[in-house]
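Have a look at the structure below before the remarks.
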Amino acid sequence: MTKSDLIARLTARFPQLVAKDADFAVKVILDAMTAALSRGDRIEIRGFGSFALNYRPSRIGRNPKSGEKVSVPEKHVPHFKAGKELRERVDVNPVINVQRG
C-alpha cells in the first residue's frame with residue numbers, strides 16, 4: 001500500500017473527509033513519526049507494532065561492480081517490529097502468492 005492508496009482508503013471509508021484533509025492528516029502523522037525517530041525516540045502503536053532505531057557500526061564493504069573495498073560509515077537505521085495482534089491477524093489469512101517488487 002502506498003501513501004496515496006492510504007489516502008484513497010481513508011476518503012472512501014469516511015466520506016465526510018475531503019481528500020485534501022486526509023492527505024494532510026497522513027502527512028502530519030508521518031512527519032511526527034519521522035521527527036520522533038530522528039530524536040532517537042521509540043514509537044509504539046498498540047495492536048500494530050513499534051518502530052525503533054538500530055545502530056550499525058562502521059565496517060569495510062565491497063563495491064559489487066569493481067570489487068574494490070570501501071569504508072561504510074556507522075549509521076542508525078529504522079527497525080519495525082510487528083505487534084502480537086498484527087502478527088495474529090496476518091497469520092489468520094496468509095497470502096499464498098506474495099509478489100515482491
Side-chain angles (χ1 to χ4, degrees):
M1 175 181 285
T2 64
K3 183 177 168 183
S4 57
D5 292 338
L6 178 60
I7 293 165
R9 285 195 184 192
L10 281 172
T11 54
R13 186 168 179 184
F14 303 101
Q16 72 277 15
L17 190 61
V18 180
K20 184 176 165 184
D21 294 337
D23 181 42
F24 180 72
V26 169
K27 183 179 181 334
V28 167
I29 290 169
L30 294 177
D31 287 347
M33 292 174 73
T34 301
L37 286 173
S38 295
R39 290 190 307 267
D41 295 341
R42 183 174 178 270
I43 302 167
E44 182 178 333
I45 303 170
R46 299 281 174 161
F48 183 71
S50 61
F51 297 86
L53 293 178
N54 278 355
Y55 172 74
R56 293 196 181 161
S58 60
R59 62 186 173 86
I60 301 297
R62 187 180 65 84
N63 181 333
K65 196 169 190 178
S66 65
E68 169 185 349
K69 290 184 178 183
V70 293
S71 176
V72 179
E74 64 181 16
K75 59 184 169 183
H76 286 88
V77 293
H79 174 74
F80 173 73
K81 182 177 179 186
K84 181 180 176 184
E85 185 179 335
L86 176 62
R87 287 192 313 268
E88 290 172 351
R89 290 177 73 174
V90 168
D91 194 36
V92 170
N93 296 316
V95 178
I96 295 171
N97 293 323
V98 176
Q99 295 181 357
R100 297 187 181 231

> Is Val77 linked to Val72 within one hydrophobic cluster, defined over Ile, Leu, Val, Met, Phe, Trp and Tyr using a side-chain heavy-atom separation of less than 4.5 Å?
Replying inline: no
> Who passes ring pair (Phe, Tyr, Trp, His ring centres under 6.0 Å) against Tyr55, sequence neighbours left out?
Replying inline: His76
> Just how far is it from atom CG of Asn63 to atom NZ of Lys69, taken to the nearest 0.5 Å?
Replying inline: 13.5 Å
> Mind checking what makes ring pair (Phe, Tyr, Trp, His ring centres under 6.0 Å) contact with Phe48, not counting sequence neighbours?
Replying inline: Phe80
>> As an exercise, state the distance from NZ of Lys81 to CD of Glu44, rounded to the nearest 0.5 Å.
In response: 10.0 Å
>> Quick check: closest heavy atoms across Val70 and Arg62, and the distance to 0.1 Å?
In response: CG2-N, 4.2 Å
> Between atom NZ of Lys3 and atom NZ of Lys27, what is the distance when rounded to the nearest 0.5 Å?
Replying inline: 6.5 Å
> Can you name the nearest heavy-atom pair linking Ala52 to Arg42, along with the distance?
Replying inline: CB-CG, 4.2 Å
> If you round to the nearest 0.5 Å, how far is CZ of Arg87 from CZ of Arg89?
Replying inline: 14.0 Å
>> With a 4.5 Å cut-off on side-chain heavy-atom distances among I, L, V, M, F, W and Y, is there a chain of contacts connecting Phe24 to Leu6?
In response: no
> Atom OG in Ser71, atom CD1 in Ile60: separation rounded to 0.5 Å?
Replying inline: 4.5 Å
> Counting distance only, does the side-chain N/O of Asp5 pair as donor-acceptor with the main-chain N or O of Thr2 below 3.5 Å?
Replying inline: yes
>> Ignoring hydrogens, what is the shortest heavy-atom contact between Ala22 and Leu10? Give both atom names and the distance.
In response: CB-CB, 4.3 Å
>> I need the minimum non-hydrogen distance between Ala19 and Ile7, along with the two atoms involved.
In response: O-CG2, 3.9 Å
> Between atom OG1 of Thr11 and atom CG of Asp23, what is the distance when rounded to the nearest 0.5 Å?
Replying inline: 10.5 Å
> If you look at every heavy atom in Ile45 and Phe51, which pair is closest and at what distance?
Replying inline: CD1-CE1, 4.4 Å
